[in-house]
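Protein chains get the first letters and strands the later ones, always in sequence-line order, with residue 1 at the start of each.
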Amino acid sequence: MPPHGSCFHEPVSFMDYNFSEIEQRWRTWWKEHAIYKTTHDQSRPKQYVLDMFPYPSGAGLHVGHPLGYIASDIYARYKRMKGYNVLHPMGFDAFGLPAEQYALETGQHPAVTTAQNIARYKQQLDNIGFSYDWDREVITSDPNYYKWTQWIFIRLFHAWFDRNSQRARPIAELIAAFDKNGNAGIPIPGEEDTVFNREQWKQCSTAEQREILMKYRLAYLDWAEVWWCEALGTVLANDEVINGVSERGGHPCVRKKMRQWMLRITEYAERLLAGLEGLDWSEAMKDMQRNWIGKSYGAEVRFDLRDHDGHIKVFTTRPDTLFGVDFMVLAPEHEMVGRITTKMQQQEVAEYKRYTQRRSERERISETKTVTGAFTGAYAVHPFTHKAIPIYISEYVLAGYGTGAIMAVPSGDERDHAFAKHFDIKITNVFGARYDGTVAYSDKEGTIEGSDFLSGLPVPKAIEVAIRALEDGGIGTRRVNYKLRDAGFSRQRYWGEPFPITYQNDIPYTNDEPELANTHSALPLTLPHVDSYRPGPEGQGPLANIEDWVHTPQGTRETNTMPGYAGSSWYFFRYMDPHNEQEFASRKATDYWQQVDVYVGGTEHAVGHLLYARMWTKTLADLGYVAFDEPFKKLVNQGMIQGSSRFAYLNREQKKFSSFSDQLKANQPGALEAIRVSVDLVDGLVLDVEAFRKWRPDYADFRFEPAADGKFYCSAEVEKMSKSKYNVVNPDDIVAKYGADTFRMYEMFLGPIELSKPWDTQGIEGVHRFLKKLWRLYLNEAGDWLPTDVPATEDMLRSLHRTIKKLGEDIERFGFNTCVSALMICVNELSVSGCRNEGILESLVRILAPLAPHLSEDLWHRFGHEGSVTMADWPAWEAAFLTESSKTYPVAVNGKPRTEMSFSLDENEGNIREAVLANETIAKWLEGREPKKFIYVKGKMINVVV
RNA sequence: GCCCAGAUGGCGGAAUUGGUAGACGCGCUAGACUCAAAAUCUUGUUUCGGCAACGGAGUGCAGGUUCGAUUCCUGUUCUGGGCACCA
């Protein structure tokens, strides 16, 4: 019979710490009493504690996943006890490639496998005793959720970024401005030179007008590169392409342009950069975002072509080196390449372009050893010296960065230098003696030389003078450049949000626009059923295969789907108001819960998810839907828990495995083969040989040569935890064996939350012993309740209050490993002193509650409380119990500690000096010398310098 | 290649503001209880020399600042994470 309430006074025969019975009982009780239900409560301050929601993979959770969840759960529970109304939800980032891949292989619908995976994840999470309010669960692939993802996309489509006010505004306001003044003062992003007046605007056809508007929209269509695999007839993700061939099948892949949806995140570059200042994120994380945004100051310079009309624009951060330009390099994809390449060079250029098409961007920018490129045969004209400048193409210039073209200054840039040497281009020195002809001088120290009007000027001054000369001559302009690029928002896949877009004559309309006669307006636009998950024609997604879905009387539907980050860019709003059918979240809800106070997740999201979520929040704020424009106030990054793999050593010729030792490897190098052993078959390093033989029947008749003690040892190596390495540890197994409370505390005890560290199943015993020891403070073997009203000693009180203070401080700063140590020390002390004082022991239960909620709940109820310990108050520590009157000082001579001496804390320095110098040990080290200096730091140490 | 982080006993780690390096735990060691095992309790455990007292060395490596450096500075090596369609 399941227990109810706190009425469990029925006799229990087994009075040891019976974690499985305790944990099951209280999990049921929490559920029945909806302990973790969160409501809108104005009377308490709010606290929003959020985990990055997981992608529910088919492999289930391993012990590494819950690390951050445990930390945030402890924090959330602590904040509840401190009187906050805590929002601590969980959900699933459920769209994604793996489910689709699985569907391709097995034919099972991604919705089905995803639902199964989510069910498994939830069960695993519940096993660990998290305080999530599951009523607020968010699943990105649920139509009731992605309805609002689509709704936000429509807002992005109908919005543009006003550079003057630095915020997004409805597109209707842009149209109004065009009707009045054309695009005067509102340049087209990326095409700032294109200007039209009101008449020109009005003369445009609707199609032309919409084409112009597309260049402003925050969600827009453009041509962008993807990996295209001809043999598979599909677009591939970066990590599906390895060295230019597909991961599956090894078919050649090339970069190909496709028409895609993009997000104009570049318009937010400045705000995304500035917004970082006020955030409580690690400096490392902010640096990564700053670096990604990549703001740089410089100039855009126009180089006219010698034998053609037109010009090439370059962006440079070093306009001061303009006189050192010896050649130019265009990205192979640069639009100008086809036009300017001479007949002589056409074949070479075409071949080189084919080569770069197979190269990933990463390969192109990382390649430093071999220089590649091709000469176009064309020349530009230097704007000041008018000398002819040869134009090359090379992979190290990327089309997407700056203008896709550079002016090359070999004396001042390492890559340009290598390029010049390789192609035997004469190098002009603009750094005088600082360039020695062998290594480019790229420092910004010193003066510029041999550069006409710039000669003799120090670099910063030269940059200014050069920019002014460029602007005066109408040759260039001062410019700020960002490395940040607009984000691709199309995927040629099935398992993602469909776009609420319909094309009429190739013009995209959002489904709520009047042109579609309101026939498509209802959201969500649900994913239609497909019979096959194979790609559609010409690289389109599987949706393109469903003729009668694509073709509607009003037009043809968009067949791309949204990328994985669409749903995760705003889910933190939905938790605030998860069942709202009118809005993505009400203003009342978002105004109450505001920003996420603490966001916990891995660094791998540093620049992807965290940047997109910030942009979406800014857009929603600009359009008036929420009141704040930064989603995550504080960010905590958890490290990874790595696997500890095991290897057995095999001499295949002799059909013999040898127990591992340091000598073994040294004695037989080359002859030994390391064979992976599942961690399930190993106790520490000792292999269960019989189990291994069963696991790998192909080795069943091999010999196993044990060590001298008769055991067979494996070697260990720290690696990523993954199935293929046989080092995955499932939290379910750990919880079954030791209980969730032990598991939670052990994960925290392992080390600082932000560091990566290997999992070691053996170490968990220590934490488990600690909980058993704690249990014995409350109940003896006979099951008698031990706490009574006996008085507490001063030592006990000091021990308790020191621990209360430390726990509070450590939880606030996410230092959970030291929390566990502090509790261990406290329990050790209370055990030694035989503490039975119920006041102390009850406080101990409270401070244990965030870390070990099941055990604490059980003891809490044994104290006679009816409510949950979750709602108990966090005890206050009292300074009176912590003050010490004296200190045992380390006394050092010349910085080396030689002895210890105790002094009262209010002893004056003169007396201390006298006593120290009189001390026998110190006198011995002084050897009669007069101390040069006497250093006394109150409460810390004493140092005598001779 | 670029950006970021980390390196302390056999292992995970502690030392929160520059002040006794190794807390706490694992493992190992010796012992108590037990027919035995488990559980529990007790002892020791950075390393070298020494019975000990004590002394030398020691926080990836090489320097520097300081009365004093795991902590600050310069350089360097190695490991891990990210680099735009994995999530």
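Spacing between B:G82 and B:U16 at atom C1', rounded to whole Å, works out to 29 Å. Taking atom C1' in both B:G9 and B:U59, the straight-line distance is 10 Å, to the nearest Å. B:U66 and B:G27 have their P atoms separated by 47 Å, with the value rounded to a whole Å. Here, B:C73 and B:U79 have their C1' atoms 24 Å apart, quoted to the whole Å. Here the separation of B:C48 from B:A14, taken at their C1' atoms, is 25 Å to the nearest Å. Comparing B:C26 with B:A38, their P atoms are spaced 16 Å from each other, to the whole Å. Of the P atoms belonging to B:G63 and B:U70, the separation is 15 Å, rounded to the nearest Å. B:G13 sits 13 Å from B:A21 when the C1' atoms are compared, rounded to a whole Å.
Look at A:Arg485 and you won't find any side-chain N or O under 4.0 angstrom from OP1 or OP2 of B:A84. Within the structure, a side-chain polar atom (N or O) of A:Arg362 is placed less than 4.0 Å from OP1 or OP2 of B:A84.
Distance, A:Ile365 CD1 to B:G1 C1': 7 Å, rounded to whole Å. A:Leu484 places its CG atom 13 Å from the P atom of B:A84, with the value rounded to the nearest Å. Spacing between atom NE2 of A:His609 and atom C1' of B:C83 amounts to 18 Å, rounded to whole angstrom units. In this structure, A:Met721 places its CE atom 14 Å from P of B:G81, rounding to the nearest Å. Taking atom CZ of A:Arg248 as the reference point, atom P of B:C86 lies 13 Å away to the nearest angstrom. Atom CH2 in A:Trp495 sits about 19 Å away from atom P in B:C86, given to the nearest Å. For A:Leu610 and B:C83, the CG to P distance is 13 Å, given to the nearest whole Å. As rounded to whole Å, 15 Å separates atom C1' of B:G1 from atom OH of A:Tyr401.
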Close N or O pairs between protein and nucleotides 62-66 of chain B (under 3.5 Å):
none

Contact string for nucleotides 3-24 of chain B, one letter per nucleotide 5' to 3', B = base within protein heavy-atom range under 4.0 Å, S = sugar-phosphate only, - = neither, reads SSSS-----BSS-B--BBS-BB
With B for base contact, S for sugar-phosphate-only contact and - for none (protein heavy atoms under 4.0 Å), nucleotides 37-57 of chain B reads --SSS-------------SSS
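Looking at residues two or more places apart in sequence or on another chain, you find a ring pair (Phe, Tyr, Trp, His ring centres under 6.0 Å) between A:Tyr268 and A:Phe161. Residues satisfying the ring pair (Phe, Tyr, Trp, His ring centres under 6.0 Å) test with A:Tyr401, not counting sequence neighbours, are none. Applying the ring pair (Phe, Tyr, Trp, His ring centres under 6.0 Å) test to A:Phe749 and every residue at least two apart in sequence or in another chain returns nothing. Residues satisfying the ring pair (Phe, Tyr, Trp, His ring centres under 6.0 Å) test with A:Phe572, not counting sequence neighbours, are A:Phe632. Looking at residues two or more places apart in sequence or on another chain, you find a side-chain contact (heavy atoms from CB on, under 4.5 Å) between A:Asn919 and A:Thr899, A:Met901, A:Thr921, A:Ile922. Applying the side-chain hydrogen bond (donor to acceptor under 3.5 Å, both in side chains) criterion to A:Asn243, with sequence neighbours excluded, gives no partner residue. Taking the side-chain hydrogen bond (donor to acceptor under 3.5 Å, both in side chains) definition, one finds that A:Asn637 meets it with nothing, sequence neighbours left out.
Aromatic rings from A:Tyr746 and A:Tyr738 are positioned such that their centres are separated by 6.0 Å or more. Residues A:Trp775 and A:Tyr17 place their aromatic rings such that the two centres sit under 6.0 Å apart.
Judged by distance alone, with hydrogens and angles left aside, the side-chain atoms of A:Lys757 form a donor-acceptor pair with the main-chain N or O of A:Pro752 at under 3.5 Å. With A:Glu812 contributing its side chain and A:Glu809 its backbone, the two residues share no donor-acceptor pair below 3.5 Å.
Geometrically, A:Arg255 engages A:Trp227 in a cation-pi contact defined by less than 6.0 Å to the ring centre and at most 45° from the axis. Judged by the 6.0 Å distance and 45° axis criteria, A:Lys286 is not positioned over the aromatic ring of A:Trp281.
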Ignoring hydrogens and angles, write down the donor-acceptor pairs under 3.5 Å from the side chains of residues 93-102 of chain A, residues two or more places apart or on other chains.
| residue | atom | partner | partner atom | Å |
| --- | --- | --- | --- | --- |
| A:Glu100 | OE1 | A:Tyr494 | N | 3.1 |
| A:Glu100 | OE1 | A:Trp495 | N | 2.7 |
| A:Glu100 | OE2 | A:Tyr494 | N | 2.9 |
| A:Gln101 | NE2 | A:Glu105 | OE2 | 3.3 |

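Base orientation for B:G9: syn, the chi torsion being within 90° of 0.
Across all strands, A:Trp292 comes closer than 4.0 Å to base atoms (heavy-atom distances). At the heavy-atom level, A:Gly96 lies under 4.0 Å from the strands shown only through sugar-phosphate atoms. At a threshold of 4.0 angstrom between heavy atoms, the contacts of A:Lys286 with the nucleic acid are absent. Within the nucleic acid shown, A:Gln260 comes within 4.0 Å of at least one base atom, counting heavy atoms only.
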Pairing of RNA chain B as dot-bracket, 5' to 3': ( ) intra-strand, [ ] crossing, | other strand, . unpaired, with Watson-Crick or G-U pairs under 3.5 Å?
(((((((..(((......[....)))((.(((.......))).))((((....))))..(((((..]....))))))))))))....
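Toward the 5′ end of RNA chain B lies the nearest nucleotide of A:Glu367, the other residue of the pair A:Glu367 and A:Ser490 mapping further downstream.
A:Ile811 is listed as a side-chain neighbour of A:Cys819, based on a closest heavy-atom distance under 4.5 Å.
Closest to the side chain of A:Gln492, out of B:C85, B:A84, B:A87, is B:C85.
Ion pairing between a basic and an acidic side chain is recognised when a charged N comes within 4.0 Å of a carboxylate O; A:Arg359 and A:Glu367 show such pairing.
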